[in-house]
Amino acid sequence: MPLLYYWRGDNYARDLDFGTAYHLNQANPLLHEIDLGDSLWAFTRRRDGVYVLVAELVASAKTLNPKGYRYGPYRFWGDLRQSRYFRADGQPDVTMLIRSLSIRAGGDVLGRAFQGHAAVRRISEADHQLLTAYATKLPREPRARLVPEERLEALLLAGDEEAVAVLMRDEEPGLAEERRRYLTTEAVRRDRQHVEALRDLYDGRCQICEWAPRARYGADICEGHHVRWLSRGGDDALANMVLICPNHHRAIHRVDAPFDFAAGGFLLGEGIEWLSLNRHEIAA
């Protein structure tokens, strides 16, 4: 079942400026009725008042947020390989296209039909095909591009400011400048302190499998992982980090495993890798 989502303009702009998340949150449980592999189409209102199609996120996972999370309990994750963000600038108004779909979207102002729970709607397969055809010629949004996350985290762990600066400099034009500035100035200077704090808190053990290299080898080998990736707007803070062994770290990044706050673990394939050690608060 494909979905249509009205993305508030300020929220959409913030995601692009501070790191595209490839996920959405909602209070409406309808967000979790989408089948994996189906599309969630998102449109927004530009600053000039024009409504434009800005994303097709293809469902790869559905997780729950912590109780009381301000944006709602339901989280939807888009597949990095199949999902697309479209450039809003230069697009014609899609009001008539949206109103031609099988949903009810009347009123003088289109956005008023998508308030509250109504921000997310079921659409038909025929609606999905119409949106697919319309999006065929839309240019991609360059600010939605992700930096090489595994390489970035390794450089941050080493505290190599120069290498992080080179990595950011070599990125193609278009990457959100706020995210570029944050990664090259703030994150690189703080990351090592957080990792050391986690290693002390867990005595160097992996929070998932409890592998203990400090006790066995006298060396700290487990690594800090950002639950919400830095390149997708995550904060470099203890509440956004866990301490895990290199094997689990590589697996989580390789399959883009989301964290389910209700279950307390990472979704990996058909199963879940729970945090068996959890002595600090992890925030959404």
Side-chain angles (χ1 to χ4, degrees), residues 5 7-25 37 39-47 52-61 75-91 94 131-132 134-157 160-188 191 225-236 240-241 249-259 284:
Y5 178 78
W7 206 335
R8 272 181 42 178
D10 54 346
N11 291 337
Y12 167 73
R14 185 173 62 248
D15 274 7
L16 286 183
D17 287 339
F18 291 93
T20 311
Y22 282 81
H23 67 239
L24 292 169
N25 304 285
S39 295
L40 180 147
W41 293 92
F43 73 103
T44 193
R45 187 172 184 245
R46 268 192 336 228
R47 290 183 178 179
V52 291
L53 193 67
V54 290
E56 179 194 12
L57 301 180
V58 180
S60 63
R75 185 172 297 206
F76 161 100
W77 298 80
D79 187 288
L80 296 183
R81 296 163 297 181
Q82 301 181 69
S83 299
R84 304 177 289 168
Y85 283 76
F86 309 117
R87 188 193 295 270
D89 294 341
Q91 271 195 56
V94 296
L131 293 170
T132 300
Y134 176 81
T136 301
K137 296 182 180 180
L138 293 181
R140 299 290 184 92
E141 171 54 67
R143 287 178 293 169
R145 192 178 65 254
L146 300 176
V147 300
E149 186 71 15
E150 286 184 90
R151 184 180 173 194
L152 173 64
E153 286 214 11
L155 297 177
L156 290 172
L157 182 63
D160 194 334
E161 295 186 36
E162 182 178 351
V164 171
V166 170
L167 178 64
M168 292 296 99
R169 189 178 64 237
D170 290 344
E171 280 295 302
E172 297 178 14
L175 184 69
E177 288 306 314
E178 281 294 325
R179 179 71 359 199
R180 188 191 300 269
R181 180 199 60 76
Y182 174 78
L183 293 173
T184 54
T185 57
E186 298 181 40
V188 70
D191 183 78
H225 168 70
H226 293 90
V227 175
R228 179 172 177 180
W229 296 11
L230 292 176
S231 63
R232 298 190 224 176
D235 292 328
D236 186 50
N240 187 44
M241 296 179 69
H249 203 180
R250 178 65 62 84
I252 288 169
H253 275 282
R254 190 58 55 88
V255 303
D256 186 30
F259 188 79

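In this text, all values refer to a predicted model and were calculated from it rather than measured experimentally.
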**Prompt:** What closest approach, in Å, do Leu155 and Ala163 show between heavy atoms, and which atom pair accounts for it?
**Reply:** CD2-CB, 3.7 Å
**Asked** Is a donor on one side and an acceptor on the other found under 3.5 Å between the side chain of Thr184 and the backbone of Arg181?
**Response** yes
**Message:** To the nearest 0.5 Å, what is the distance between CD on Glu162 and CG on Leu167?
**Reply:** 12.5 Å
**Request:** Give, for atom CG of Asp15 and atom CZ of Arg143, the distance between the pair rounded to the nearest 0.5 Å.
**Result:** 11.0 Å
**Request:** Take the angle between the ring planes of His253 and His249 and call it parallel below 30°, perpendicular above 60°, tilted in between.
**Result:** tilted
**Message:** Under the rule for side chain to side chain donor-acceptor pair (under 3.5 Å), what residues qualify as partners of Arg232, not counting sequence neighbours?
**Reply:** Asp256
**Counterpart residues, side-chain contact (heavy atoms from CB on, under 4.5 Å), relative to Asp10 (two or more places apart)** = Arg8
**Message:** The criterion is side chain to side chain donor-acceptor pair (under 3.5 Å); which residues satisfy it with Arg140, sequence neighbours excluded?
**Reply:** none
**Prompt:** Does Tyr85 have any ring pair (Phe, Tyr, Trp, His ring centres under 6.0 Å) partners at least two apart in sequence or in another chain, and if so, which?
**Reply:** Tyr22
**Message:** Please report the interatomic distance CD(Gln82) to CG(Leu57), rounded to the nearest 0.5 Å.
**Reply:** 11.5 Å
**Asked** With Arg250, which residues qualify under side-chain contact (heavy atoms from CB on, under 4.5 Å), at least two apart?
**Response** Glu150, Arg254
**Request:** Applying salt bridge (Lys or Arg N to Asp or Glu O under 4.0 Å), name anything that partners Asp160, two or more places apart in sequence or on another chain.
**Result:** none
**Message:** Would you compute the distance between atom CG of Asn25 and atom CZ of Phe76 and round it to the nearest 0.5 angstrom?
**Reply:** 11.5 Å
**salt bridge (Lys or Arg N to Asp or Glu O under 4.0 Å) involving Arg151 - partner list, sequence neighbours excluded** = none
**Item:** Spacing of CG belonging to Leu53 relative to CH2 belonging to Trp7, to within rounding of 0.5 Å
**Value:** 11.5 Å
**Message:** Among residues at least two apart in sequence or on other chains, which ones pass side chain to side chain donor-acceptor pair (under 3.5 Å) with Tyr12?
**Reply:** none
**Parallel, tilted or perpendicular: rings of Phe86 and Trp41 (30°, 60°)** = parallel
**Message:** Looking at Arg180 and Met168, would you say the former's side chain and the latter's main chain have a donor-acceptor pair under 3.5 Å?
**Reply:** yes
**Request:** Under the side chain to side chain donor-acceptor pair (under 3.5 Å) rule, collect the residues that match up with Asp236, sequence neighbours excluded.
**Result:** His226
**Message:** For Arg81, give me all partners under salt bridge (Lys or Arg N to Asp or Glu O under 4.0 Å), at least two apart in sequence or on another chain.
**Reply:** Asp79
**Residues forming a side-chain contact (heavy atoms from CB on, under 4.5 Å) with Arg45, sequence neighbours excluded** = Tyr6, Tyr51
**Request:** First locate atom CG of Leu131, then atom OG1 of Thr136, and finally report the distance between them rounded to the nearest 0.5 Å.
**Result:** 10.5 Å
**Prompt:** Looking only at atom types and distance, does a side-chain atom of Asp17 sit under 3.5 Å from a main-chain N or O of Glu178, one as donor and one as acceptor?
**Reply:** no
**Message:** Just to verify, what does Arg46 make a side-chain contact (heavy atoms from CB on, under 4.5 Å) with, not counting sequence neighbours?
**Reply:** Asp48, Val50, Val52, Ala88, Asp89, Gln91
